[in-house]
There are 2 protein chains.
Amino acid sequence: MIRVLLVDDQQLIRAGLRMLCDAEPDLEVVGEAGNGREAITLAARLTPDVIVMDIRMPGVDGISATSRVLAERPATRVLVLTTFGDDDHLYPALNAGACGFLLKDAPPEELLEGIRRAAEGDSPFSRDVLRRLVRRATTAGAEQRRPVEGLTPREQDVLDLVGEGLSNTEIGERLHIGVTTVKTHIAALMTKTGSPNRVRLALVAHRQR
Amino acid sequence: MIRVLLVDDQQLIRAGLRMLCDAEPDLEVVGEAGNGREAITLAARLTPDVIVMDIRMPGVDGISATSRVLAERPATRVLVLTTFGDDDHLYPALNAGACGFLLKDAPPEELLEGIRRAAEGDSPFSRDVLRRLVRRATTAGAEQRRPVEGLTPREQDVLDLVGEGLSNTEIGERLHIGVTTVKTHIAALMTKTGSPNRVRLALVAHRQR
DNA sequence: GAGCGTCTCCTCCCTGGGGAGGAGGACCAG
DNA sequence: CTGGTCCTCCTCCCCAGGGAGGAGACGCTC
């Protein structure tokens with residue numbers, strides 16, 4: 001028997017979710033909360049297995065409520081159920097410790113299955129939320145190394161140090177070369193990378209690593 | 001009926017997978033490949049719905065084979081099935097266009113369910129692979145905003161544009177303020193953030209977002 | 001009203017960044 | 001040997017960047 005706490009500011013939605021869960025033999029709705037503050041107190045008192053959590057709520061929102069609840073009882077599974085799957089809500093929710101993220105336009109079976117999977121320790125995500133997650137993880141990983149073709153090894157050294165935020169004299173000292181030499185390399189780097197100023201060059205250095 | 005192509009260099013595993021799939025009424029194994037090269041040619045000839053792809057193979061590996069296959073037929077669903085769930089394989093595979101990533105130590109039902117979900121356009125992931133994906137996406141997302149205490153809103157505006165690599169005059173034009181005002185804000189930013197020069201300031205801006 | 005913080009802008013000054021152009025020495029391939 | 005690339009360094013020049021210091025205007029709170 002999976003003990004569920006429903007958190008949503010619209011009682012109509014809460015009622016719908018409760019009916020949905022009550023029809024399942026393995027799900028038991030142990031309580032309802034209309035905002036984040038109620039959710040925190042009810043979670044502490046009722047110790048549910050899974051919390052179905054809305055994000056946009058008056059007062060304490062679902063993100064803060066999630067981190068507060070998990071600070072008290074880390075074993076609780078928080079499943080976010082919200083209308084929009086935008087990144088502004090997704091990543092803060094995951095950072096707060098939510099185990100899954102479903103959209104309200106999903107079919108009811110997906111929610112019920114998501115609650116069960118959450119209770120089992122799995123992480124249920126709606127299809128396009130998962131797609132967004134993958135894209136973020138892969139684009140973050142794709143920017144690992146992009147060699148910026150055509151740089152001489154010495155220019156690469158200088159570029160790295162520019163990316164560290166060093167001045168020309170500091171770069172010269174670090175590489176044991178004169179300041180004018182550093183300037184020469186930097187001039188070459190700027191033309192090669194098409195950077196109009198030093199800060200852009202530093203950004204290129206960062207994008208590259 | 002879901003048409004499946006099995007790709008793995010060990011024929012014992014291929015045989016096991018084939019037996020597994022043949023026992024299912026909705027799955028049909030249309031072919032087997034022992035390396036990436038075979039996989040590419042067979043995928044073109046057999047046009048399977050789902051390819052179950054191993055990564056470590058002699059000759060052309062599963063990553064390259066995946067991108068080659070998807071370049072020809074983008075609608076193909078490639079489901080990676082491998083022994084180790086390390087990041088070295090995961091992100092290249094996703095970048096290559098794999099739709100899912102399962103581990104070989106998963107229960108057989110998970111694989112069968114994964115093939116069905118892949119065919120439906122979903123993205124099946126093993127539990128700990130998904131956990132790794134979430135962690136990467138969130139740690140990448142955790143660096144969104146770290147407010148750098150004590151900055152006025154206007155200073156924050158200027159800091160953002162410095163981070164973009166704009167010059168003082170460009171910043172002034174963008175914010176509709178004079179260059180000297182920009183200088184004032186930047187001076188404040190440098191003392192507040194402890195940056196000795198503009199590039200370091202830009203790095204602070206980037207670390208913050 | 002006094003005080004405070006923020007935004008705006010000013011002047012004076014000077015160093016460092018950045019463009020243009022040249023030059024010598026080391027190395028390697030044709 | 002010659003031509004090429006790369007690294008090194010030079011001069012001349014200009015201006016954007018950056019420090020110091022002051023000041024007026026607005027809006028807030030006490």
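In what follows, every chain begins at residue 1, and chains take the letters A, B, ... in the order their sequences are listed. Worth knowing before you read on, the calculation uses all heavy atoms, side chains too, and leaves out hydrogens, waters and symmetry mates.
- Within residues 172-183 of chain A, the residues that place at least one heavy atom under 4.0 Å from DNA chain D are, in residue-number order, A/Ile177, A/Gly178, A/Thr180, A/Thr181.
- Remark: B/Arg127 pairs with no residue by the side chain to side chain donor-acceptor pair (under 3.5 Å) rule, at least two apart or across chains.
- Residues satisfying the side-chain contact (heavy atoms from CB on, under 4.5 Å) criterion with B/Val179, sequence neighbours excluded, are B/Asn168, B/Thr169.
- When the side chain to side chain donor-acceptor pair (under 3.5 Å) test is applied to B/Thr181, no partner is found at least two apart in sequence or on another chain.
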Dump the intermediate steps for side-chain contact (heavy atoms from CB on, under 4.5 Å) on B/Val60 and B/Asn35, then the final yes or no.
CA-CA 6 Å; B/Val60 180; B/Asn35 58 58; 5.8 Å; no

Review item, side-chain donor-acceptor pairs of residues 7-24 of chain A, under 3.5 Å, at least two apart:
from, atom 1, to, atom 2, distance (Å)
A/Asp8, OD1, A/Gln10, N, 3.0
A/Asp8, OD2, A/Lys104, NZ, 2.9
A/Arg14, NE, A/Glu32, OE1, 2.9
A/Arg14, NH1, A/Asp8, O, 2.6
A/Arg18, NE, A/Glu32, OE2, 2.5
A/Arg18, NH2, A/Glu32, OE2, 3.4
A/Glu24, OE1, A/Arg116, NH2, 2.5

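- Evaluation of the side chain to side chain donor-acceptor pair (under 3.5 Å) rule for A/Arg37 yields no partner, not counting sequence neighbours.
- One interatomic measurement links the two molecules: NE2 of A/His185 to P of C/dG18, which rounds to 16 Å at whole-angstrom precision.
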Using a cut-off of under 3.5 Å, enumerate the N/O to N/O pairs linking the protein to nucleotides 20-23 of chain D.
none

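- One atom, CD1 of B/Ile171, and another, P of D/dG18, lie 10 Å apart when rounded to the nearest Å.
- Summarising the local packing, CD of B/Glu72 is surrounded by 12 or fewer heavy atoms from other residues, nucleotides or ligands at distances under 6.0 Å.
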Please tabulate, one pair per line, all N/O donor-acceptor pairs under 3.5 Å involving side-chain atoms of residues 117-125 of chain B, not counting sequence neighbours.
from, atom 1, to, atom 2, distance (Å)
B/Arg117, NE, B/Asp122, OD2, 3.1
B/Arg117, NH2, B/Asp122, OD2, 3.3
B/Ser123, OG, B/Cys99, O, 3.2

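- One can place CD of B/Glu155 at 13 Å from P of C/dG5, the figure rounded to the nearest angstrom.
- In this structure, the side chain to side chain donor-acceptor pair (under 3.5 Å) partners of B/Asp61, at least two apart in sequence or on a different chain, are B/Ser64.
- In this structure, B/Leu189 atom CG and C/dT6 atom C1' are separated by 13 Å, rounded to whole Å.
- Axis angle across the helix from C/dG1-D/dC30 to C/dC28-D/dG3, with five pairs used at each end and values rounded to 10°: 40°.
- Of all nucleotides listed (D/dG19, D/dG18, C/dG19), C/dG19 comes nearest to the side chain of A/Ala187.
- In this structure, B/Met190 places its CE atom 14 Å from P of C/dG16, rounding to the nearest Å.
- Atom CZ of B/Arg198 is separated from atom P of D/dG19 by 11 Å (rounded to the nearest Å).
- In this structure, B/Lys192 atom NZ and C/dC7 atom C1' are separated by 12 Å, rounded to whole Å.
- Note on residues 41-50 of chain A: no pairs pass side-chain hydrogen bond (donor to acceptor under 3.5 Å, both in side chains), not counting sequence neighbours.
- When the side-chain nitrogen and oxygen atoms of B/Asn168 are compared with OP1 and OP2 of D/dA16, none of them lie within a distance under 4.0 Å.
- Under the salt bridge (charged side-chain N to carboxylate O under 4.0 Å, His left out) criterion, A/Arg198 pairs with no residue, sequence neighbours left out.
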